[in-house]
Amino acid sequence: MLPFIAITNYCLSQNILGMLRRLSTLLVGTMIWYICTTFFLYVEDFTGSCYKSPALDVQFREHLSKRQCHQGGGFWHGFDISGHSFLLSFCALMIVEEIAVLRVLNTNRNLRLHTVVNALFVALSFLTLIWVWMFFCTAVYFHDFSQKLCGTLVGLSAWYGTYRFWYLKSFSPGLPPQIVSLSSKKPNRSR
């Protein structure tokens, strides 16, 4: 995503500092990932208990953390918010937001630029499809419903908090250049 954001934002703005500012969205996304997954680990540690077997029948009372439990040969069971559901939903939405810049980018004058941007678009689209497939597999095979729902809601909240709230402010990395939201478009009724 880094080369796509760098190339498309520079082509539209012709401004190195503006492009670097937009690239900071990747740093923001990384910080959100780190903070959220660290929080998820704390939730699992706080809500969990240690058991002697995966059957969760006999509890080890002497192990008070997941780490102690695993070191003592036990099995930890807590509320494990789905990091996959969080990350896959957040990243897929982030990519969709970033590739929307193609609606206003014209690369027809430069064949090399056109080829590079199209190749990056195809790669990001393919990556998004893989992530949607992984999201489906996570939904079917891993975690229970409440854990997946919590992870997905955190991912959606992170996307909404950044792209629909914070990035609209002047002290943020900003939205991709010249994007018109779908809700503000008015249908053309003149014939």
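Side-chain atoms are counted along with the backbone in the values below, which use heavy atoms only and exclude waters and symmetry mates. This chain uses plain numbering: 1 for the first residue, then up along the sequence.
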Margin query: Test your reading of the model: is there a side-chain donor-acceptor pair from Ser82 to the backbone of Ser85, 3.5 Å cut-off?
Written below: yes

Item checked: Nearest non-hydrogen partners of Gly155 and Ser89, listed with the distance -> CA-OG, 3.6 Å

Margin query: So, taking the atom named CZ in Arg164 and the one named OG in Ser157, what distance separates them when rounded to the nearest 0.5 Å?
Written below: 13.5 Å

Check: Shared ILVMFWY cluster between Leu87 and Phe142, side chains joined below 4.5 angstrom?
Finding: no

Next item on the list: Measure the spacing between OH of Tyr10 and CG of Leu17 and express it to the nearest 0.5 Å.
Entry: 11.0 Å

Next item on the list: Flag yes if Val101 and Leu168 sit in one hydrophobic cluster, no otherwise; membership is Ile, Leu, Val, Met, Phe, Trp, Tyr, and two members link when side-chain heavy atoms are under 4.5 Å apart.
Entry: yes

Checklist line | Common cluster, Trp76/Phe39, ILVMFWY with side-chain heavy-atom separation under 4.5 Å | finding: no

Check: Quick one: do Leu124 and Phe126 end up in the same hydrophobic cluster if we chain Ile, Leu, Val, Met, Phe, Trp and Tyr together by side-chain heavy atoms under 4.5 Å apart?
Finding: yes

Next item on the list: Just do the side-chain contact (heavy atoms from CB on, under 4.5 Å) check on Leu93 and Tyr160 with the steps written out, would you?
Entry: CA-CA 9 Å; Leu93 289 168; Tyr160 189 85; over 6 Å; no

Note to self: Under 6.0 Å between ring centres: does that hold for Phe121 and Phe4?
What the structure shows: no

Note to self: Tell me whether His84 at atom NE2 has more than 12 heavy atoms from other residues, nucleotides or ligands lying less than 6.0 Å away.
What the structure shows: no

Item checked: Residue among His77, Gln71, Glu44 satisfying side-chain hydrogen bond (donor to acceptor under 3.5 Å, both in side chains) with Lys66 -> Glu44

Check: Can you tell me how far CZ of Phe135 sits from CZ of Phe86, rounded to the nearest 0.5 angstrom?
Finding: 12.0 Å

Checklist line | Lys/Arg cation over aromatic Tyr167: Lys169, 6.0 Å, 45° cone | finding: no

Checklist line | Arg21 side-chain N/O to Gly174 backbone N/O, donor-acceptor pair under 3.5 Å | finding: no

Next item on the list: With side-chain hydrogen bond (donor to acceptor under 3.5 Å, both in side chains) as the test, would you mind laying out the steps for His114 and Asn118 before giving the verdict?
Entry: CA-CA 6 Å; His114 184 75; Asn118 281 344; 2.9 Å; yes

Checklist line | Test item: His143 side-chain N/O and Asp80 main-chain N/O as donor-acceptor pair under 3.5 Å | finding: yes

Notebook entry, point to check: Once you round to the nearest 0.5 Å, how far does CH2 of Trp159 lie from SG of Cys91?
Noted result: 14.0 Å

Next item on the list: Test Ser53 against Asp57 for side-chain contact (heavy atoms from CB on, under 4.5 Å), laying out the working first.
Entry: CA-CA 7 Å; Ser53 72; Asp57 48 0; 3.0 Å; yes

Checklist line | Check: Asn9 side chain, Ile5 main-chain N or O, donor-acceptor pair, under 3.5 Å | finding: yes

Checklist line | Any donor-acceptor pair under 3.5 Å from Ser172 side chain to Trp166 backbone | finding: yes

Check: Are side-chain heavy atoms of Leu113 and Cys11 found at a separation under 4.5 Å?
Finding: yes

Notebook entry, point to check: For Phe90 and Ile32, what are the C-alpha separation, side-chain angles and deciding distance, and is it a side-chain contact (heavy atoms from CB on, under 4.5 Å)?
Noted result: CA-CA 10 Å; Phe90 178 57; Ile32 289 171; 4.0 Å; yes

Check: Are side-chain heavy atoms of Lys52 and Gln59 found at a separation under 4.5 Å?
Finding: no

Item checked: Pair Tyr163-Glu98, side-chain contact (heavy atoms from CB on, under 4.5 Å): steps then yes or no -> CA-CA 10 Å; Tyr163 283 91; Glu98 294 299 331; 2.6 Å; yes

Next item on the list: Starting at CG of Leu120, measure out to CG of Leu127 and round the result to the nearest 0.5 Å.
Entry: 12.0 Å

Next item on the list: Please confirm whether the backbone N or O of Phe79 pairs with a side-chain atom of Thr47, one donor and one acceptor, at under 3.5 Å?
Entry: yes

Note to self: I need the minimum non-hydrogen distance between Thr25 and Pro173, along with the two atoms involved.
What the structure shows: CG2-CB, 3.5 Å

Check: Distance-only, no hydrogens or angles: does the Lys148 side chain make a donor-acceptor pair with backbone N or O of Ala139 under 3.5 Å?
Finding: yes

Margin query: By the disulfide bond (SG atoms under 2.5 Å apart) test, which pairs, at least two apart or in different chains, include something from residues 39-80?
Written below: Cys50-Cys69

Checklist line | Leu27 side, atom CG; Leu2 side, atom CG - distance, nearest 0.5 Å | finding: 11.0 Å

Check: Does one hydrophobic cluster hold both Ile130 and Met94, with members joined at side-chain heavy-atom distances below 4.5 Å?
Finding: yes

